[in-house]
Amino acid sequence: MKKQSSVGFTIYPNIVKKSAKTGKYPVYLKLTYNGDKVETRLPKEVDLTSKELLHWDKVTQRVLVKSCKLNDYLNKIQANWQTYMVLNNFEPRNSLNDIVAVILEKVLPSRMLTVLQFLDTFLIEKVDGDGTKKKGTKENYHKAAKHFKAFLKKADLEKLL
């Protein structure tokens, strides 16, 4: 029986690290998966003021104020997180740092190649385009790629980045 994986996505203000210069509180994102965790600070533009901190709700992980730019930002990154999880069948398949980069849009998911995309590009550019390789060698590369693609399909890893 497969062990149930534990995935956590938490947003919280760090009240200990209040900025002496601006008087605002930084907000952090903590991502956990099977005991591993990564924490990152959200941009300074969405730091909480003292007034907003009074309205912070730990359960919803939002500020209970109508017009708060932090809530808009959190909605966007939460949507990115949910999209990532759906695309990966609710099993994170990258390092937590890579996932955070995708969620915070530091790296666009379209720029991260899947293994299949990389394999196809490799075959076209490095194998088929290489005039020094003999016909039989190229056929062997394609045969190995075909077996690898079949394995990825069987293991349901076709979207592996």
Side-chain angles (χ1 to χ4, degrees), residues 1-126 145 148-149 151-161:
M1 188 167 159
K2 188 176 178 182
K3 182 183 170 189
Q4 182 68 18
S5 59
S6 168
V7 179
F9 180 89
T10 309
I11 299 159
Y12 65 94
N14 191 335
I15 57 174
V16 177
K17 294 187 176 183
K18 179 180 178 181
S19 170
K21 196 179 223 182
T22 63
K24 292 185 176 184
Y25 299 90
V27 181
Y28 285 80
L29 163 69
K30 180 167 73 171
L31 191 61
T32 58
Y33 180 62
N34 285 344
D36 295 330
K37 75 174 182 174
V38 66
E39 290 183 72
T40 188
R41 186 186 194 289
L42 299 182
K44 290 181 181 183
E45 296 80 35
V46 295
D47 285 354
L48 290 174
T49 63
S50 297
K51 187 176 181 181
E52 290 171 332
L53 184 64
L54 293 174
H55 298 289
W56 178 258
D57 182 34
K58 290 181 182 178
V59 176
T60 62
Q61 299 176 22
R62 299 289 188 277
V63 179
L64 301 177
V65 175
K66 281 191 178 185
S67 60
C68 179
K69 101 175 116 164
L70 174 63
N71 286 346
D72 296 336
Y73 184 77
L74 295 179
N75 290 339
K76 184 172 93 174
I77 64 172
Q78 186 110 32
N80 291 346
W81 166 247
Q82 290 168 345
T83 301
Y84 176 86
M85 290 300 285
V86 167
L87 289 175
N88 291 285
N89 296 323
F90 299 95
E91 282 290 322
R93 295 186 175 156
N94 303 89
S95 74
L96 292 179
N97 288 322
D98 289 345
I99 295 170
V100 167
V102 169
I103 292 169
L104 298 180
E105 296 179 349
K106 293 178 181 176
V107 174
L108 297 176
S110 61
R111 292 194 180 172
M112 295 179 76
L113 293 175
T114 64
V115 174
L116 290 175
Q117 291 169 330
F118 174 81
L119 182 60
D120 290 337
T121 303
F122 176 80
L123 288 173
I124 292 168
E125 293 178 2
K126 303 290 184 187
F148 186 58
K149 287 179 180 181
F151 165 76
L152 290 174
K153 185 174 184 176
K154 185 175 182 179
D156 192 29
L157 295 173
E158 293 172 302
K159 294 180 182 177
L160 182 66
L161 296 177

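Atoms considered below: every heavy atom in the structure, side chains included; atoms not considered: hydrogens, waters and symmetry mates.
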Quick check for you: to the nearest 0.5 Å, what is the distance between [X] atom [atom1] and [Y] atom [atom2]?
X	Y	atom1	atom2	result
Glu52	Tyr25	CD	OH	11.5 Å
Leu48	Leu54	CG	CG	10.0 Å
His55	Thr49	NE2	OG1	8.5 Å
Glu39	Leu96	CD	CG	11.5 Å
Leu123	Phe118	CG	CZ	9.5 Å
Asn14	Leu42	CG	CG	11.5 Å

Which pair of heavy atoms, one from Ser50 and one from Gly23, lies closest together, and at what distance?
->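 The answer is OG-O, 4.0 Å.
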
Using side-chain contact (heavy atoms from CB on, under 4.5 Å) as the criterion, point out the one residue from Leu74, Val27, Thr10 that pairs with Gln61.
->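 The single option meeting the side-chain contact (heavy atoms from CB on, under 4.5 Å) with Gln61 is Thr10.
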
Are Asn80 and Val102 side-chain neighbours, meaning at least one heavy-atom pair lies under 4.5 Å?
-> no

Close side-chain approach of Thr40 and Leu104, heavy atoms under 4.5 Å | yes

Can Ile99 and Trp81 be said to form a side-chain contact (heavy atoms from CB on, under 4.5 Å), step by step?
-> CA-CA 8 Å; Ile99 295 170; Trp81 166 247; 3.8 Å; yes

Examine the side chains of Arg62 and Asn75 and answer whether a donor and an acceptor come within less than 3.5 Å of each other.
-> yes

Could you tell me whether Lys17 and Asp47 have a side-chain N and a carboxylate O separated by less than 4.0 Å?
-> no

Under the side-chain contact (heavy atoms from CB on, under 4.5 Å) rule, what do Tyr73 and Ile11 come out as? Steps first, then yes or no, please.
-> CA-CA 11 Å; Tyr73 184 77; Ile11 299 159; over 6 Å; no

More than 12 non-hydrogen atoms from neighbouring residues, nucleotides or ligands closer than 6.0 Å to CD1 on Ile15, yes or no?
-> no

Test log, rule side-chain contact (heavy atoms from CB on, under 4.5 Å), inputs Phe9 and Ile103 | CA-CA 11 Å; Phe9 180 89; Ile103 292 169; 4.2 Å; yes

Are Leu157 and Val115 close enough, and set up right, to give a side-chain contact (heavy atoms from CB on, under 4.5 Å), and what steps lead you there?
-> CA-CA 9 Å; Leu157 295 173; Val115 174; over 6 Å; no

